[in-house]
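Here's the structure, in C-alpha cells; my notes come after.
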Amino acid sequence: MESDSVARTDRGAGPWGAISVLPHVEREPGVLVPQAADRHSATVLWLLSTLPAPSRDRARLEWQEHKVAMLPLGTLFSAVRIPGQLVAALTGCTETAELDAFMDQALGGGPVICDPRHFRYYAVVPADMPKAWQRAADAWRAMGVELLGLGSYLGVPQVDAVGGARACASYWSVPMGSAATLCSPLAVARLIVAGRRSTDPGEGV
C-alpha cells in the first residue's frame, strides 16, 4: 500500500458533468449567476458525498484541524497524479504561481490539487478514467504518472485553500469552480503526452 500526505492506494496502481440546482441571484438584468457562497457550500457537500454519512463529520474535522481530508476515489471522481518535474519541463519554470497558471490554462480550468511537499499535481477527473485509460496508464507509469481510482484515497484540501502561499500544505492549484466540475480526460492525456515529449523528445505517444 502506498501512502503519502496526499494520496493512498491499495494497489500499485491531456493539455488541455456537473449537477447544478443552486439558487441564483440576478447580477444584471436578465443574467442569473449562482452566489459564491452557494457554490462553495454545494462543492463541499458534493465532495463529502463520497463518504457514508457517519464519516462526513470526521472529514469536516480533518479539514478544520489538518486542512486536508482523505476522501475515497473511484465513485464520484478519480485523480491523475502528475510529477511536478513533468509540469516544470513543459513550462521551463519552477515558480508556483506560473505553474498553477499553466495548469489552469492547460486543463481548461479543471480542478487540480498541488502537493508542494512532494511536488506533485493531482488532476481531478471523472471516476471512470483509470479504467477507460488503462492501456495509456501502463505507459504513463514509467513517467511517474499514476491513475488513482477505486481503492485509492486522495487528500483533498479545504475548498477555499487556494494559492501556493501554503508552503507545505496541499492546496487547490486550480480550484473546483462548482460541484462536480472535473478535468477533461483528453486534456489531461494531452498534457502528459506533451510532458513526455519535452522530457524525452525521442518518445512518441
Side-chain angles (χ1 to χ4, degrees), residues 2-9 12-16 47 67-68 71 73 77-127 129-130 132-149 152-177 181-205:
E2 176 189 0
S3 178
D4 61 34
S5 64
V6 172
R8 181 173 72 247
T9 178
W16 335 315
L47 290 170
K67 312 303 181 186
V68 172
L71 301 182
L73 298 176
F77 59 90
S78 291
V80 181
R81 185 175 65 207
I82 303 170
Q85 290 85 351
L86 186 148
V87 179
L90 281 169
T91 62
C93 72
T94 57
E95 293 295 326
T96 299
E98 292 185 34
L99 294 173
D100 291 347
F102 171 78
M103 294 299 280
D104 189 2
Q105 180 181 14
L107 298 181
V112 180
I113 293 168
C114 179
D115 172 14
R117 187 180 312 175
H118 298 94
F119 197 29
R120 295 168 173 170
Y121 290 87
Y122 293 79
V124 184
V125 297
M129 184 173 178
W133 290 75
Q134 187 173 359
R135 290 183 61 185
D138 292 338
W140 294 344
R141 194 168 291 118
M143 305 162 54
V145 173
E146 198 76 37
L147 271 62
L148 305 170
S152 301
Y153 286 76
L154 181 67
V156 176
Q158 292 174 307
V159 171
D160 57 359
V162 298
R166 300 164 182 255
C168 295
S170 295
Y171 68 94
W172 290 96
S173 170
V174 184
M176 181 172 281
T181 299
L182 302 171
C183 291
S184 158
L186 183 58
V188 175
R190 287 174 175 167
L191 183 146
I192 294 167
V193 170
R196 184 175 188 176
R197 289 173 175 165
S198 69
T199 55
D200 187 350
E203 289 285 351
V205 175

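Computation of the quantities below employed the complete heavy-atom set of this structure, encompassing side-chain atoms and omitting hydrogens, waters and symmetry-equivalent molecules.
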Which heavy atom in [X] sits nearest to a heavy atom in [Y], and how many Å separate them?
X    : Y    : value
L47  : L71  : O-CD1, 3.7 Å
S170 : V68  : CB-CG2, 4.1 Å
A123 : C183 : CB-SG, 4.1 Å
M103 : S173 : CB-OG, 4.2 Å
G195 : S198 : O-OG, 2.8 Å
L154 : A79  : CD2-CB, 4.1 Å

I'd like to check [X] versus [Y] (side-chain heavy atoms, cut-off strictly below 4.5 Å). Are they in contact?
X    : Y    : answer
Y122 : V156 : no
L182 : V125 : no
V174 : L107 : no
V80  : M129 : yes

inquiry  = What verdict does the side chain to side chain contact (heavy atoms under 4.5 Å, CB included) test give for L73 and Y153, after you've listed the backbone C-alpha separation in whole Å, the side-chain angles of each residue and the deciding distance to 0.1 Å?
reply    = CA-CA 6 Å; L73 298 176; Y153 286 76; 5.9 Å; no
message = I'd like to check the ring-ring contact (aromatic ring centres under 6.0 Å, His included) partners of Y121; sequence neighbours left out, ordered by chain and number.
response =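 Not a single residue meets the ring-ring contact (aromatic ring centres under 6.0 Å, His included) criterion with Y121.
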Out of curiosity, [X] [atom1] to [Y] [atom2], how far, rounded to the nearest 0.5 Å?
X    : Y    : atom1 : atom2 : value
M143 : R196 : CE    : CZ    : 6.0 Å
L191 : L186 : CG    : CG    : 11.5 Å
I192 : L147 : CD1   : CG    : 6.5 Å

task = Could you give me the CA-CA distance, side-chain angles and deciding distance for F77 and T181, then say whether side chain to side chain contact (heavy atoms under 4.5 Å, CB included) is met?
result = CA-CA 10 Å; F77 59 90; T181 299; over 6 Å; no
R135 bridged to D138 by N-O distance under 4.0 Å =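 The answer is no: the pair does not qualify as a salt bridge.
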request  = Among V162, V159, V124, I113, find the residue that satisfies the side chain to side chain contact (heavy atoms under 4.5 Å, CB included) test when tested with M176.
outcome  =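 Exactly one pass, corresponding to V124.
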ask   = What pairs with Q85 under side chain to side chain contact (heavy atoms under 4.5 Å, CB included), at least two apart in sequence or on another chain?
value =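 In terms of side chain to side chain contact (heavy atoms under 4.5 Å, CB included), with neighbours along the sequence ignored, Q85 is linked to P83, F119.
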task = Could you give me the CA-CA distance, side-chain angles and deciding distance for Y171 and D115, then say whether side chain to side chain donor-acceptor pair (under 3.5 Å) is met?
result = CA-CA 7 Å; Y171 68 94; D115 172 14; over 6 Å; no
query = So, does S78 use its side chain to make a donor-acceptor pair with the main chain of G149 at under 3.5 Å?
reply =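 Not confirmed, S78 side chain does not pair with G149 backbone.
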key: W172 side-chain N/O to Q158 backbone N/O, donor-acceptor pair under 3.5 Å   =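 Checked: pair present.
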